[in-house]
Trainee: 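The structure that follows is given in the form of structure tokens.
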Amino acid sequence: MQQYNPHEIEPRWQAEWERSHLNRVSEADDKPQYYALEMFPYPSGDIHLGHVRNYSIGDVISRYKRMQGFNVLHPIGWDAFGMPAENAAIKQESTPGAWTYANIDRQRASLKRLGFSYDWDRSVVTSDVEYYHWGQWIFLKLWEAGLVERRNSPVNWCPSCATVLANEQVVGEGGCWRCHTAVERKVLEQWFFKITDYAQELLDDLDSLDGWPERVRQMQANWIGRSTGAEIDFTLCDAAGEPTDEKIRVFTTRADTLFGCSFFLLAPEHPLVEDFVAGTAYEAEVRRVVKLAASATAVERSKGEREKNGAFTGRFVVNPINGEKVPIWISDYVMMDYGTGAVMAVPSGDQRDYEFARKYDLPIPPVVVAEGDPMLLLLRGNARRVMDDVPWECAYDGPGVMVQSGAFTGLPGGKDSEGAQAVIDQLALEGVGQATVNFRLRDWLISRQRYWGNPIPAIYCDVCGIVPVPQEDLPVVLPKDVDVTAGETLADRPEFYEVDCPVCGKPAHRETDTMDTFTCSSWYYLRYTDPHNKELPFARTVVDGWMPVDQYIGGIEHAILHLLYSRFFTKALRDQGLLGFDEPFTNLLTQGMVKLEGEVMSKSKGNVIAPEDMIERFGADALRVYILFMAPPDKDLDWSQESLEGIYRFLNRVWRSVFDLLGAEVVDEEGTRLSLYDTNLDEAAALERGKQLNRELHRVIGKVTADFDRFNFNTAISALMELVNATGAYLKVPLDRRDEALAREVARALVLLVAPMAPHMAEELWHVALDETGSVHLAPWPSFDPSKAIADTVELAVQLNGKVRARVVVATDASEFEVREAALAAAAALIGGRPIEKVVVVPRKLVSIVY
RNA sequence: GUCGGCGUGGCGGAACGGCAGACGCGCUAGCUUGAGGGGCUAGUGUCCGAACGGACGUGAGGGUUCAAAUCCCUCCGCCGACACCA
């Protein structure tokens, strides 16, 4: 018997698999298709343990499904555009491309050393022109469909990255998702994808994603943020206080509180503010508040006391429900980009309005009062306003009864209440309001003022306006010689941007912004299905065959960004007839992080464990099995070198057990014989040990299969350890008393069961120990007989009044009556003749007796 | 503040409502070895007990049930997402 030596075995089999194209997948294969996908890496440096975990999970699933007879698509690629490449290039006086492709080469080598079963022929790199060409093509398709817009909008600006950001890319307390610099608000003309057109469908279809973790669905639902309510038009008064024809529209979820509106608010950056105050006595104070709001960063706004600042504009609006004139204020807690940028303030029913009213001494008339509140006795049935202030410490926003609300008084009030509906109906009748739905989701800002990205295929012509680059002119190739170390962008390259207008032929100017990298990762999983297509991003017949992805695996950090954008792309492309399904990812597994002593590993903390070092010491198989064993895949995992050593020992045990089962002389490194036979063992005892081992074999095959189906890799490995432990007892049986067929069956099953997790070792044992032909990874998954996993007799616990007091051994197939009688007999002494109240028999588990 | 997740030995973690702590790490003892490493065997929740055995035990408290780590209620603690969303 040779020794287990991963460093010799692993590279040898990797080379052989590559030579024989073991993992190449073809649509021509008539087995059922299965698409297993892991989130592709960003080439920011070497592979880390998070990648190892992500890809080990995906690889086990892929290999397991192949052994079960599926034709498995399991691709990998690189998400290669983005800012880190530019920053690294500046630091190293290199180019983003050079840095990116060098990292990809290193990462590819690492992934190969880990033995992942990717079809390398299908690899895509998003910064390759063969890929981003089709990203531009899709952009033009979406433009045609009316889903692309260039418009002025308040946007998030990262001063450090010198670019705008999407809403989703502002993280934590108002920081840039890349560099965490506080973002600024600016009004700029930018490119948008109209993801809000799909807000309702993106929300509705979350219900159909029952293969996704509940919390991811919840996070997306919150992000989309649907609220039902009403749009209500207030009539604007002129400077003299007389009503005009002009209306200002508000959005509210609480139409039932409309009678309680005692003032009206505009966002500081609202376009009407300037007109209202210019040249008036209110101008100075209003300007002061506007300036205060603009200077506060998002970070500052979300911290501290959140003191609300405001100023009266000198103008009034008329409340459409009661004709009452209320003053227009501005305040920094009203946001321009939610709702309409204008708010009807109801201080008795909204805590923010309440605080504002207290600060500026504005009326707080109660309009919805809770059942049981003593005020209700006083106000119940009062249609007219008799009370202008509340004795409360804070606003009341729960359900209650409407008071001081004209004809609506007495109706139930609250969110989505009968009262709210009645008010909306009345407003609709008069044409001054209607029920509506508002979303928190904003359109996706996709333009970036950066070099290392996919160029936006658009041209500005003085005559024709903004025109798309004609499809036959694609790709717009990203020039390689832009010097980012000198701060250059595409806007510094006349040879790039000086073009002729494709419509009129006059000199024009090419767009120099590039697309957000998230546009690249929103459709890469589609390209994998048809990666070499030179006519289209993918052919519909091929993409519909593989998609949707059966199992997607990646980090929870993409719960909103990438997963929401990909869902949007899928729906938008579906509506263009490019594909025939509604959702990209049927099942989603969000794996936990790999930590060290409870902390996230990072270069800056200097607590990084390098996978390459671990492969060097224990081999790729041990690292893979270890990372699957340490925790369930969705939970965080704390690194433990001792446990990795334990797994290495386990693999050695598997190795020796297989050889030993096959009758080989098992020796350690020094040649010491390890297998010591129990020569006293008689024929009957040997037979009994064989029966036990056979039972354990069938139990473990069943357990591992069930655990793989549920992705409980940690308990699957436990079960394999139990099988190896059970093998230990059988290996004491001298060779001449062993059941050779059984021993071989166990050895074979062990190799097959371990193959998805430790592919190299399994392949070596398959050939060298078992003398099988063909790859173990193409062999069928072992079958099992559940009836063979059951012993002839079983020991039951006997509970007396809820506590285990006795045990009884019965035949496994004993009837309930026999079990009951046996249990009563075993417990007779303890019961002592007292009357039995109840007996519960749980087959093969226990008997519960109550007396 | 809102939403979501999680609290089990020294550690990582197991337990379709049915004998809590599988499996592994660590530790203890013995065998093997010149030593180390490795391997093998046994033990390892807490308390009482020489032992047979017994009592207690899944963040705290209550409830449902013959039976609760698991289901329900209240509370405490930790983690995460969103957060002045009208």
Trainee: Please determine, for the side chain of Ile560(A), which listed nucleotide (A86(B), A81(B), C84(B)) has the closest atom?
Mentor: A81(B)
Trainee: Between G13(B), C3(B), A83(B), which nucleotide has the shortest distance from any of its atoms to the side chain of Gln218(A)?
Mentor: C3(B)
Trainee: Under 4.0 Å, counting only non-hydrogen atoms across every strand here, what does Arg656(A) touch: a base, just sugar-phosphate, or nothing?
Mentor: sugar-phosphate
Trainee: Side chains of Ser331(A) and Tyr360(A) only: does a donor on one sit below 3.5 Å from an acceptor on the other?
Mentor: no
Trainee: When you check the gap from the basic side-chain N to the acidic O, do Arg358(A) and Glu355(A) get nearer than 4.0 Å?
Mentor: no
Trainee: Just how far, in rounded Å, is C1' of C85(B) from CZ of Phe251(A)?
Mentor: 9 Å
Trainee: At 4.0 Å (heavy atoms only), tell me whether Val840(A) reaches a base, stays on the sugar-phosphate, or touches nothing.
Mentor: base
Trainee: Is the NZ or CZ atom of Lys308(A) positioned over Tyr333(A)'s six-membered ring, under 6.0 angstrom from the centre and within 45° of the axis?
Mentor: yes
Trainee: Could you classify G9(B) for me, syn or anti, using a glycosidic angle within 90° of 0 as syn?
Mentor: syn
Trainee: Using only atom types and a distance under 3.5 Å, with no angle test, would you say the side chain of Asn438(A) pairs donor to acceptor with the backbone of Ser227(A)?
Mentor: no
Trainee: Closest approach to the side chain of Arg440(A), judged atom by atom: which nucleotide of C56(B), A83(B), C66(B) is it?
Mentor: A83(B)
Trainee: Summarise how protein sits on nucleotides 22-33 of chain B as a single string, 5' to 3': B when a protein heavy atom is under 4.0 Å from the base, S for sugar-phosphate-only contact, - for no contact.
Mentor: BBSSS-------
Trainee: When the C1' atoms of C79(B) and C85(B) are considered, how many whole Å apart are they?
Mentor: 25 Å
Trainee: Given atom CG of Leu846(A) and atom P of A68(B), what is their separation to the nearest angstrom?
Mentor: 12 Å
Trainee: Please check: side-chain N/O of Arg624(A) versus main-chain N/O of Ala758(A), any donor-acceptor pairing under 3.5 Å?
Mentor: no
Trainee: Using a 4.0 Å heavy-atom cut-off, does Glu837(A) contact any base of the nucleic acid, only the sugar-phosphate backbone, or nothing at all?
Mentor: nothing
Trainee: Given atom CD of Gln351(A) and atom C1' of C84(B), what is their separation to the nearest angstrom?
Mentor: 11 Å
Trainee: Do you see a donor-acceptor pair shorter than 3.5 Å between the side chains of Asp443(A) and Thr196(A)?
Mentor: yes
Trainee: Between the base of C84(B) and the side chain of Lys308(A), is there a donor-acceptor distance below 3.5 Å?
Mentor: yes
Trainee: By the 4.0 Å heavy-atom rule, please label Asp636(A) as base, sugar-phosphate, or nothing.
Mentor: sugar-phosphate
Trainee: Measure the spacing between CZ of Phe439(A) and CZ of Arg226(A) and express it to the nearest 0.5 Å.
Mentor: 5.5 Å
Trainee: How many whole angstroms separate atom CG of Leu441(A) from atom P of C85(B)?
Mentor: 17 Å
Trainee: Is Lys703(A) salt-bridged to Glu722(A), going by a charged N under 4.0 Å from an acidic O?
Mentor: no
Trainee: Between Leu800(A) (CG) and C19(B) (P), how many Å, whole number?
Mentor: 16 Å
Trainee: Between A86(B), G13(B), G18(B), which one does the side chain of Lys415(A) approach most closely?
Mentor: A86(B)
Trainee: Should Lys803(A) be listed as having a side-chain N or O under 4.0 Å from OP1 or OP2 of C56(B)?
Mentor: yes
Trainee: Considering only heavy atoms, which members of residues 338-347 of chain A lie under 4.0 Å from some atom of RNA chain B?
Mentor: Tyr338(A), Val343(A)
Trainee: Look at all strands and tell whether Arg217(A) reaches a base, only sugar-phosphate, or nothing, counting heavy atoms closer than 4.0 Å.
Mentor: nothing
Trainee: For C25(B), which nucleotide in any strand shown is its Watson-Crick or wobble partner with both distances under 3.5 Å?
Mentor: G10(B)
Trainee: Counting any heavy atom closer than 4.0 Å, what does Arg215(A) reach on the DNA or RNA strands: base, sugar-phosphate only, or nothing?
Mentor: sugar-phosphate
Trainee: Of the nucleotides A86(B), C19(B), C84(B), which has the atom closest to the Arg807(A) side chain?
Mentor: C19(B)
